[in-house]
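Working notes, beginning with the structure itself.
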Amino acid sequence: MSGVIDPREPVLTVEHLSMRFGGLLAVNDLSFEVRRGDITALIGPNGAGKTTVFNCITGFYKPTEGRLTLAHADGARHLLERLPNHAVNRRARVARTFQNIRLFSGMTVLENLLVAQHAPLMRASGFTVLGLLGLGGYRAAERAAIERARLWLDRIGLTPRADDPAGDLPYGAQRRLEIARAMCTEPVLLCLDEPAAGLNPRESAELTELLRRIRADGTSVLLIEHDMSVVMEISDHVVVLDYGVKIADGTPGAVRTDPRVVAAYLGVEDEEVEAVEAEVGLVLPSAGAEA
Amino acid sequence: MADAMREGTARGAGLAEILRDAGLYALVTLGLCIPIVSYRTDLSQTSALDLTPRWGVVAGLCGAIFALRLVQRMVLLRRDARRALTPAPRQATEAVDATPNAGQRISGLALPLFLGAALALPLVAALASGGLGPARYWIDLGILILTYVMLGWGLNIVVGLAGLLDLGYVAFYAVGAYTYALLATTFGLSFWLCLPLAGLAAALWGMLLGFPVLRLRGDYLAIVTLAFGEIIRLVLINWVDLTGGSAGISSIPRATFFGIPFTAGPNGFAATFGLSFDAMHRNVFLYYLILALALITNGVTLRLRRLPIGRAWEALREDEIACRSLGINTTTTKLTAFALGAMFGGFAGSFFAVRQGFISPESFNFLESAIILAIVVLGGMGSQVGVAVAAIAMVGGPELLRNLGFLKAVFGEGFDPNEYRLLLFGLAMVAMMVWRPRGLISVRMPSVALTQRRGVSGALVREGHG
């Protein structure tokens, strides 16, 4: 903790992360970095351990081994593997979305975004005591929270549906709302688990735009994604997992041509990689979509 | 033209189908009646069994079932036809912006109506039955119903908002009652001092229950809370030194009007206010006391719903994992729900003790928990008005069935409605769950709105899973 802050220092450092479920080693000695202000993609075939890594980072699993360090811009460091589940979001400021959307479907779109601002609102309501008596600045805080929610509703284009139940929204809108809800917790690092799954091309393009905007506003993004067109278009950095082991790490261009990645996705022996590459003309995106 | 004709024939075919269906129902009724209703067995003078044929009753029953089914199908047919005409209804959102249906028109008036009726009840009862004394039955019934309304509202925090199935709620009711009884009989503390203490004690026990069940969900949570309720009751029975065991605690100080006792003496309530003494003054006071307590419970709950803690409870009911990913401490959120729900149970308990003047573990058995839970579920989980209506139906309904003299006209002179009231009541509950499976009021009102507050259909709202 030197106190001098390097703006390019990694926001998240994963060191020797291993996760074991009984006899299954889901993640094996994985190390990688997510640099501040980057969009980092975590890719790999099904069952490669991507979501397990996510669950370790966001506190849903306690890793068997390894260290996960999250550094804030002000130099504060949090060891994620030691924090309780909810503190990963509240203190370390890591937000996440889920592969199968987890919205509060019986609550309205606006309420979903207000639940995400629980911690500041809780403080403003004097941990319920003052709010119950109508004292303190709770009203003002709630107005501010609604304003923040409105800002995100405008960004994801859901303002007209603010008072509709979240479960009533079309699929693409639910995905965007889940991202907006995560962003309402003001995260330093946003983890997205397959945000483009099930989206049509137009919705995918909107998602790409939204993620660029989030990056521009200073939140680093870590995403798992199977849609290679999205990954190649927006990531600054790609980490490839296979059987819980990192097999490649670099820029999208470098990873795309990495023979080991191609082999992992197409499932051929290393010696045959060259032949297969020639045959398919290196169309990783379609291969990824099939995988 | 062709459309109209087709519709006409479709309707005709529908009618024939409906008649056939109703006929089938009547046939099934006949089948059921033959062994059960058609012959009545009586002991004759010679102690032999006499068979009295009752084919008239059987025919009546079959006819009634036929007619009922016919009417039901017709109503459903008309409803379907009406729905088909409505252009593209948004199914999951209640169309509040469209023409309000009868229920919605009433619900706007429901609150002032309920409140007015509740406030006026002692007066109306006194006027109707000519004096406070004869009105006693109604006022006592009012007190009983309001106690359950309050308990229902308290449990609603735990079950309706936070989605934690609690089958041992009566334990907190008992803790509240015994706290007041023990403090009042041992230390002579007044009711107004004991009331908050009883609430605190119950909240503490609520947290105690909360800790071990934090990790449990669904059926397992229900079983542990059920066991907790039984543990409290068994402790009350067996810890004879403290609680008096099965004999309970008697001669608990009765309610006073803020220190002025309801006695006939010169310092009594009647003398102080220049009224002629009437033993019913105390009951009227108790009625307004429980009304105030229930309204406080309601007010606090409604306020909590609009605070972050209330939203966190509802979010917890919807999806606990998503809650944790948003930085909500689910442990404290669950514990506050248990504690606050228990606190209101404790208040109600100390009211119960001060009203009865005598408490014993018998009053706090599992059936009480079941009734309170049924009130919450029947009312529509999370709905305050629904819970109030359900409490009136659940507690007042069986009382009402005591006075159903007109049923004698249907079932003959020998029919005693008292014997059948729980049966009829059970039937009514089954019917409720068939027609309104999500409770009387299944629409959830959002706690906040950007432009217009629209109800969320119960189909989207989750019940919680522990």
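Throughout, a chain's letter reflects where its sequence line sits, starting with A, and its residues are numbered from 1. Both backbone and side-chain heavy atoms feed into the values below; hydrogens, waters and symmetry mates do not.
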Quick one: CG on Asn89(A) to SG on Cys323(B), what's the gap to the nearest 0.5 Å?
11.0 Å
Quick one: closest heavy-atom pair of Glu111(A) and Val448(B), and the distance?
CG-CG1, 3.8 Å
If one checks every heavy atom of Thr185(A) against chain B at 4.5 Å, the contacting part turns out to be side chain
Is a side-chain donor or acceptor of Asp163(A) paired with a backbone partner of Ala449(B) at a separation under 3.5 angstrom?
no
Ignoring hydrogens and angles, tell me if any N or O in the side chain of Glu318(B) forms a donor-acceptor pair with the backbone of Gly106(A) under 3.5 Å.
yes
Only one of Asn329(B), Ile309(B), Leu307(B) clears side-chain contact (heavy atoms from CB on, under 4.5 Å) with Met122(A); which?
Ile309(B)
What residue, out of Ala322(B), Ala315(B), Gly310(B), Pro446(B), has the most heavy-atom pairs lying under 4.5 Å from chain A?
Ala315(B)
Is atom OH of Tyr220(B) surrounded by more than 12 heavy atoms (other residues, nucleotides or ligands) closer than 6.0 Å?
no
Taking the side chain as everything from C-beta on, heavy atoms only, tell me whether Thr330(B) gets closer than 4.5 Å to His86(A).
no
What part of Ala116(A) lies closer than 4.5 angstrom to a heavy atom of chain B: side chain, backbone, both or neither?
both
Report yes if some heavy atom in the side chain of Leu450(B) is under 4.5 Å from a heavy atom in the side chain of Thr108(A); otherwise report no.
no
Using side-chain heavy atoms (C-beta onward) and a distance below 4.5 Å, is Leu326(B) in contact with Phe104(A)?
yes
How many angstroms lie between CZ in Arg102(A) and CG in Asp319(B), if you round to the nearest 0.5 Å?
4.5 Å
Side chain, backbone, both or neither of Arg150(A) within contact of chain B (heavy atoms, under 4.5 Å):
side chain
Below 4.5 Å from any heavy atom of chain B, which atoms of Gln117(A) appear? Answer side chain, backbone, both or neither.
neither
Is it true that atom CZ of Arg67(A) has more than 12 heavy atoms of other residues, nucleotides or ligands lying nearer than 6.0 Å?
no
Distance-only criterion, 3.5 Å: show the donor-acceptor pairs between side-chain atoms of residues 374-385 of chain B and protein atoms not counting sequence neighbours.
unit_1, atom_1, unit_2, atom_2, d
Ser383(B), OG, Gly386(B), N, 3.0
Gln384(B), OE1, Asn156(B), ND2, 2.8
Gln384(B), NE2, Asn298(B), OD1, 2.7

Those residues that, when tested against Asp217(A), pass side chain to side chain donor-acceptor pair (under 3.5 Å) (two or more places apart)
Arg155(A)
Per-residue tally against chain B (heavy atom, under 4.5 Å) across Asn112(A), Val115(A), Ile146(A), Thr159(A) peaks at Val115(A)
Only pairs of heavy atoms separated by less than 4.5 Å count here; which of Glu178(A), Arg93(A), Arg181(A) has the most with chain B?
Arg181(A)
For the candidates Glu314(B), Arg306(B), Arg311(B), which exhibits the highest count of non-hydrogen atom pairs separated by less than 4.5 Å from chain A?
Arg311(B)
For chain A, the option from Val300(B), Thr336(B), Ile321(B) that forms the most heavy-atom pairs under 4.5 Å
Ile321(B)
Under a 4.5 Å heavy-atom cutoff, which of Thr58(A), Val88(A), Leu114(A) has the most pairs with chain B?
Leu114(A)
